[in-house]
Amino acid sequence: MVSGSLSIAETGALALSDAARDLDRADNAQKFLGALERNRRVWKSIGQLAASRSWAVPDRRMVAYALKTTGQASGPAQGQIGHDDHIHALIHINRRVSDALAEGSDIERIRERAHAIWESRGPPHGEDMDHWLIAEMEVTPA
């Protein structure tokens, strides 16, 4: 993999993984609602890509569940942090689909190395791409 050249599936895997992390870590209503909206946008895009490219994962059922759950969780009881069974299932589906889309890639190793670089540098804010690119160069063969 050449630096900065993630496939569409790998980019989707990262987006789903990040969306799951944000949902899991939301500790107030504002963060939770922001994470739900991000998750909805990611699933909408992933669903369109999966259909247009005939991906086996995610299937239509997963996409429909994710969009429905995201919509319900941001509905009438939106002031509550929604870590109920449906949100936990959504987080699990995000991670499972992310793993399937990233299968055979170095994404997780790159992410771990980028995080280690970030921690070793302070941890500074706003240098995510720098850390990712350095990690990708270190992890992937030339």
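For the numbers below, each heavy atom of this structure counts, side chains included, while hydrogens, waters and symmetry mates do not. For reference, positions follow the sequence shown, starting with 1.
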Return the minimal non-hydrogen interatomic distance between [X] and [Y], and the atom names on each side.
X: Met62; Y: Asp59; result: N-OD1, 2.8 Å
X: Arg40; Y: Leu67; result: O-CD2, 3.7 Å
X: Ala13; Y: Ala102; result: CB-CB, 3.7 Å
X: Ile117; Y: Ala135; result: CD1-N, 3.8 Å
X: Leu16; Y: Asn94; result: O-ND2, 3.4 Å
X: His86; Y: Tyr65; result: ND1-OH, 3.4 Å

Distance, nearest 0.5 Å, that separates [atom1] of [X] from [atom2] of [Y]:
X: Ser17; Y: Ile107; atom1: OG; atom2: CD1; answer: 9.0 Å
X: Ile8; Y: Leu101; atom1: CD1; atom2: CG; answer: 11.5 Å
X: Asp85; Y: Thr69; atom1: CG; atom2: OG1; answer: 11.0 Å
X: Leu33; Y: Lys31; atom1: CG; atom2: NZ; answer: 13.0 Å
X: Phe32; Y: Ile87; atom1: CZ; atom2: CD1; answer: 4.0 Å
X: Leu23; Y: Leu90; atom1: CG; atom2: CG; answer: 6.0 Å

Between [X] (side chain) and [Y] (backbone), is there a donor-acceptor pair under 3.5 Å?
X: Ser54; Y: Ala50; value: no
X: Ser52; Y: Leu49; value: yes
X: Glu119; Y: Ala116; value: no

Practice task
Following the transitive rule for hydrophobic clusters with a side-chain heavy-atom cut-off under 4.5 Å over Ile, Leu, Val, Met, Phe, Trp and Tyr, establish whether Trp132 and Trp118 coincide in one cluster.
Solution key: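 No, no single cluster joins them.
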Exercise for the section: Answer yes if Trp55 and Trp43 sit in the same cluster of Ile, Leu, Val, Met, Phe, Trp and Tyr residues linked by side chain heavy atoms under 4.5 Å apart, and no otherwise. Expected result: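 They do share one cluster, since a chain of ILVMFWY contacts under 4.5 Å joins Trp55 to Trp43.
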Practice task
Report, as yes or no, whether the 6.0 Å neighbourhood of atom CD on Glu37 holds more than 12 heavy atoms from other residues, nucleotides or ligands.
Solution key: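 Above 12, so yes.
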Problem - Contact check, side chains of Leu14 and Arg111, non-hydrogen atoms, under 4.5 Å - result: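 Yes; the side chains approach each other to less than 4.5 Å.
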Please determine if [X] and [Y] form a salt bridge, counting it only when a charged side-chain N lies under 4.0 Å from a carboxylate O.
X: Arg21; Y: Asp18; result: yes
X: Glu112; Y: Arg109; result: no
X: Arg95; Y: Asp24; result: yes

Practice task
Quick one: do His92 and His88 satisfy side-chain contact (heavy atoms from CB on, under 4.5 Å)? Show the steps, please.
Solution key: CA-CA 6 Å; His92 176 74; His88 286 292; over 6 Å; no
Exercise for the section: Verify side-chain contact (heavy atoms from CB on, under 4.5 Å) between Arg38 and Asp22, making sure each step is shown before the conclusion. Expected result: CA-CA 9 Å; Arg38 178 182 186 191; Asp22 291 350; 2.4 Å; yes
Practice task
Please step through side-chain contact (heavy atoms from CB on, under 4.5 Å) for the pair His131 and Arg121, ending with a clear verdict.
Solution key: CA-CA 10 Å; His131 302 149; Arg121 291 187 172 182; 3.7 Å; yes
